[in-house]
Amino acid sequence: MGRRRPRTAATPRSGSAPTSRTGTAPPPRSGAAPTSRTALALAALALLTGCTNLEGLQDEGRARDVDAPLVLWPGSSPAPPSRNENPAVLVPVPDVPRIPGGSMADANPLAVLDADVAAQGGTPPAPRAVRRPELHDLTDDGKPDLLMAVDLGPRISELRVYSVRNTVVTRVLVVRGVLAGVELAAGHLALREPTKDPRYVSVTDYVWDGHAMDLWNLTLDDARTPQTPRAVGGSP
């Protein structure tokens, strides 16, 4: 028997769409252009989601309810801090000479510290527990103030700041805590203390408001180890 010639597909006439054997138009192939309404919807979605495609959208489920905090004992509030509890209260230091020039650079740092601690009923610290005194202008009068830090133990330290007010040596700040760092920036005194999360430290900012070292801000910052020293201002 002779071989049959293979059938060839019929070529559609020019201008007519190919049809299936049933005579109906085949469905659009994958990747074909969507209808105009679908195109508009996709364009609007693209504007809202930026570069996110449809496959990146996921249903996270029902959003968690947010409840207002429940206030316990709303009628109770603490009394204002007393003079001894306020770290920024101005306290003249007794038994130290007056300074007519108004600069703490003219004072004996250890004598000022010992006199201040003794006036509070404490025992002056051992010299080895006292860090190097620092002189910086914190009160914005163009004259240096004195910063003294005492290590009370392996973890706890105390910072004291002294200025001259009307020729009298005056303590303007005393703070005790876990001092992970002490920094000066734009007239602000920033104290860095560790938190439960080792990645962050709490930062307490104090700034001179014209009358006292006012608490300016409380923030969280990235922990830095070790602290980078900055050559700002002068030291005795």
Side-chain angles (χ1 to χ4, degrees), residues 80-152 156-193 202-219 221 227-236:
S82 65
R83 181 181 178 86
N84 295 332
E85 294 174 331
N86 188 351
V89 67
L90 273 59
V91 178
V93 180
D95 303 325
V96 293
R98 288 176 174 261
I99 302 179
S103 172
M104 285 302 300
D106 298 332
N108 183 328
L110 290 178
V112 171
L113 177 65
D114 291 350
D116 188 26
V117 173
Q120 291 184 294
T123 302
R128 66 178 180 275
V130 182
R131 301 183 191 179
R132 183 186 66 179
E134 294 281 349
L135 290 171
H136 300 276
D137 182 14
L138 296 179
T139 56
D140 201 24
D141 59 359
K143 299 176 182 179
D145 303 304
L146 175 64
L147 291 81
M148 301 288 290
V150 182
D151 295 323
L152 305 177
I156 303 297
S157 302
E158 191 173 69
L159 175 69
R160 293 174 180 252
V161 181
Y162 301 96
S163 183
V164 179
R165 303 285 95 192
N166 299 322
T167 74
V168 177
V169 175
T170 304
R171 188 216 311 145
V172 298
L173 183 69
V174 56
V175 179
R176 178 178 295 188
V178 183
L179 301 182
V182 180
E183 300 175 354
L184 300 176
H188 288 231
L189 176 64
L191 308 182
R192 304 170 66 87
E193 297 187 77
S202 66
V203 182
T204 307
D205 278 307
Y206 292 92
V207 67
W208 182 259
D209 65 359
H211 306 282
M213 291 294 295
D214 187 30
L215 176 62
W216 178 262
N217 200 10
L218 295 172
T219 58
D221 194 10
Q227 180 182 1
T228 303
R230 300 178 183 178
V232 179
S235 299

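What you see is a predicted model, and the numbers here were worked out from it, not measured in a lab.
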Q: Compare every heavy atom of A88 with every heavy atom of A212, then report the nearest pair and how far apart it is.
A: CB-O, 3.8 Å
Q: Any side-chain to backbone donor/acceptor pair from E193 onto S202? Under 3.5 Å, distance only.
A: no
Q: Of all the heavy-atom pairs spanning I99 and A107, show the shortest one and how long it is.
A: CD1-CB, 3.6 Å
Q: Find the distance between CG (L218) and OG1 (T204) and round it off to the nearest 0.5 Å.
A: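 If I round to the nearest 0.5 Å, the distance is 5.0 Å.
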Q: Verify side chain to side chain contact (heavy atoms under 4.5 Å, CB included) between V150 and R176, making sure each step is shown before the conclusion.
A: CA-CA 9 Å; V150 182; R176 178 178 295 188; over 6 Å; no
Q: Does R192 pair with D205 as a salt bridge, N-O distance under 4.0 Å?
A: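 Salt bridge absent between R192 and D205.
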Q: Would V174 and E158 count as a side chain to side chain contact (heavy atoms under 4.5 Å, CB included) here? Give the steps.
A: CA-CA 7 Å; V174 56; E158 191 173 69; 4.0 Å; yes
Q: Is any side-chain heavy atom of S163 closer than 4.5 Å to a side-chain heavy atom of L90?
A: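 S163 does not reach L90 side chain to side chain.
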Q: Any chance the side chains of T167 and R98 put a donor and an acceptor closer than 3.5 Å?
A: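 The criterion, which ignores hydrogens and geometry beyond distance, is satisfied for R98 and T167.
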Q: Less than 4.5 Å apart, any side-chain heavy atom of L191 and any of L159?
A: yes
Q: Under 6.0 Å from the CG atom of D221, do we count more than 12 heavy atoms belonging to anything else shown?
A: yes
Q: With side chains defined as the heavy atoms from C-beta onward, is the minimum distance between V130 and P127 less than 4.5 Å?
A: no
Q: For V168, does its backbone N or O pair with a side-chain atom of N166 as donor and acceptor, under 3.5 Å?
A: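 Checked: no pair found.
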Q: Does any part of the side chain of P109, heavy atoms only, come nearer than 4.5 Å to the side chain of M148, both counted from C-beta?
A: yes
Q: Can any side-chain N or O of D214 pair as donor or acceptor with the backbone N or O of V207 at less than 3.5 Å?
A: no
Q: Can any side-chain N or O of K143 pair as donor or acceptor with the backbone N or O of V164 at less than 3.5 Å?
A: no
Q: So which of V161, L147, V169, D137 actually passes side chain to side chain contact (heavy atoms under 4.5 Å, CB included) with M104?
A: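 Of V161, L147, V169, D137, side chain to side chain contact (heavy atoms under 4.5 Å, CB included) with M104 is met by V169 alone.
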Q: Show the numbers, then the answer: is there a side chain to side chain contact (heavy atoms under 4.5 Å, CB included) between V172 and W208?
A: CA-CA 9 Å; V172 298; W208 182 259; 4.1 Å; yes
Q: Can you tell which of L138, V96, L146, V91 makes a side chain to side chain contact (heavy atoms under 4.5 Å, CB included) with Y162?
A: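 Testing each of L138, V96, L146, V91 against Y162, the sole residue satisfying side chain to side chain contact (heavy atoms under 4.5 Å, CB included) is L146.
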Q: Knowing that exactly one of D209, T170, D145 qualifies, which makes a side-chain hydrogen bond (donor to acceptor under 3.5 Å, both in side chains) with T139?
A: D145
Q: Heavy atoms only: give me the nearest S157-D151 pair and the separation to one decimal.
A: OG-OD1, 2.8 Å
Q: What is the minimum heavy-atom distance between A119 and P94, and which atoms define it?
A: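 A119 and P94 have their closest heavy atoms at CB-CG, 3.7 Å.
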Q: Mind running side chain to side chain contact (heavy atoms under 4.5 Å, CB included) on Y206 and H188 for me, showing each step along the way?
A: CA-CA 6 Å; Y206 292 92; H188 288 231; over 6 Å; no
Q: Below 4.0 angstrom, N of the basic side chain to O of the carboxylate: do R160 and D116 qualify?
A: yes
